[in-house]
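Residues take their numbers from the sequence shown, with the count starting at 1.
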Amino acid sequence: MALTAITADGVRLAIGHAPARGPRRGAVLCTHAMMAHGRYFGVARRPSFAAYLADRGVEVFALDWRGHGHSRPPDPRRAQWSFDDYVELDLPAALGAVAQHGVAPAELTIVGHSL
């Protein structure tokens, strides 16, 4: 299952999801490196980092930053963005989508990969 988040400037972000197997012990939002996408964490395959965590009761969400993977700006030919937009626009939208899915902010850990 995947979630969608819409940023304040209208960018649609894709968030992969691997539910916890058994009782949920925690939740993590994984964010990928610059030249990658959220599928790096493997929410849809086994074995993978996401499957490892899900097997241990951790619900996994894997964000595709704008311009990566399945996340695209409304018009990629004209859109301009910077690293600041990832933090100021994308991350709050992703956190909101995860919260709407039933994960309280206090339950969530953010894992960043080299970005």
Side-chain angles (χ1 to χ4, degrees):
M1 169 163 65
L3 292 95
T4 299
I6 306 296
T7 66
D9 63 341
V11 175
R12 181 178 301 274
L13 303 174
I15 304 170
H17 179 233
R21 293 178 179 84
R24 183 171 75 196
R25 299 175 52 215
V28 63
L29 174 64
C30 297
T31 65
H32 60 80
M34 188 60 196
M35 302 307 286
H37 48 70
R39 290 182 306 281
Y40 170 83
F41 297 101
V43 296
R45 65 175 162 36
R46 299 179 76 73
S48 69
F49 179 69
Y52 178 87
L53 292 176
D55 286 345
R56 284 150 184 82
V58 178
E59 190 165 10
V60 180
F61 300 90
L63 172 64
D64 279 343
W65 294 114
R66 66 179 59 211
H68 297 271
H70 293 295
S71 295
R72 296 282 182 244
D75 184 348
R77 290 176 297 222
R78 285 192 261 177
Q80 300 268 335
W81 67 84
S82 71
F83 288 118
D84 292 343
D85 294 328
Y86 292 147
V87 176
E88 294 171 1
L89 299 168
D90 295 5
L91 188 57
L95 293 173
V98 170
Q100 286 181 349
H101 192 73
V103 177
E107 291 181 270
L108 190 64
T109 298
I110 300 172
V111 174
H113 183 285
S114 78
L115 184 62

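- Considering every non-hydrogen atom in both Pro92 and Val87, the closest pair reads CD-O, 3.1 Å.
- If you check the side chains of Arg39 and His70, you find a donor sitting under 3.5 Å from an acceptor.
- For the atom pair CG (Asp55) and CZ (Arg46), the distance works out to 4.0 Å, reported to the nearest 0.5 Å.
- Between Val43 and Phe61, every side-chain heavy-atom pair lies at or beyond the 4.5 Å cut-off.
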Passes side-chain contact (heavy atoms from CB on, under 4.5 Å), Thr31 versus Val111? Steps please.
-> CA-CA 6 Å; Thr31 65; Val111 174; over 6 Å; no
*Apply the test side-chain contact (heavy atoms from CB on, under 4.5 Å) to residues Leu95 and Ile110: give CA-CA distance (whole Å), side-chain angles for both, the deciding distance (0.1 Å), then the verdict.*
CA-CA 10 Å; Leu95 293 173; Ile110 300 172; 4.1 Å; yes
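- Scored by the salt bridge (Lys or Arg N to Asp or Glu O under 4.0 Å) test, Arg24 finds Glu59, Glu107 as partners (sequence neighbours excluded).
- Classified by interplanar angle (parallel below 30°, tilted 30° to 60°, perpendicular above 60°), the ring pair Phe49/Phe41 is tilted.
- Residues Leu53 and Val28 form a side-chain contact, since some pair of their non-hydrogen atoms from C-beta on lies under 4.5 Å apart.
- Between Thr4 and Ala97 the shortest heavy-atom distance is O-CB, 4.0 Å.
- Other residues, nucleotides and ligands contribute at most 12 non-hydrogen atoms within 6.0 Å of the CZ atom of Arg25.
- When all heavy atoms of Gly42 and Ser48 are compared, the closest pair comes out as O-OG, 2.7 Å.
- Between Leu3 and Gln100, every side-chain heavy-atom pair lies at or beyond the 4.5 Å cut-off.
- Here the closest heavy-atom approach between residue Tyr86 and residue Trp65 is recorded as O-CZ3, 3.2 Å.
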Next item on the list: Give the C-alpha distance, both sets of side-chain angles, the deciding distance and a yes or no for side-chain contact (heavy atoms from CB on, under 4.5 Å) between Leu91 and Leu29.
Entry: CA-CA 10 Å; Leu91 188 57; Leu29 174 64; 3.9 Å; yes
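- Smallest separation of non-hydrogen atoms from His68 and Met34: CE1-O, 2.6 Å.
- Between Leu13 and Leu63 there is a side-chain heavy-atom pair separated by less than 4.5 Å.
- Note that the CG atom of Asp64 and the NE2 atom of His32 stand 5.0 Å from one another [nearest 0.5 Å].
- Under the 6.0 Å cut-off for aromatic ring centres, His17 and His101 qualify, their centroids lying closer than that.
- Residues that satisfy the side-chain hydrogen bond (donor to acceptor under 3.5 Å, both in side chains) test with Thr7, not counting sequence neighbours, are Asp9.
- Here the closest heavy-atom approach between residue Ala14 and residue Ser71 is recorded as N-OG, 2.7 Å.
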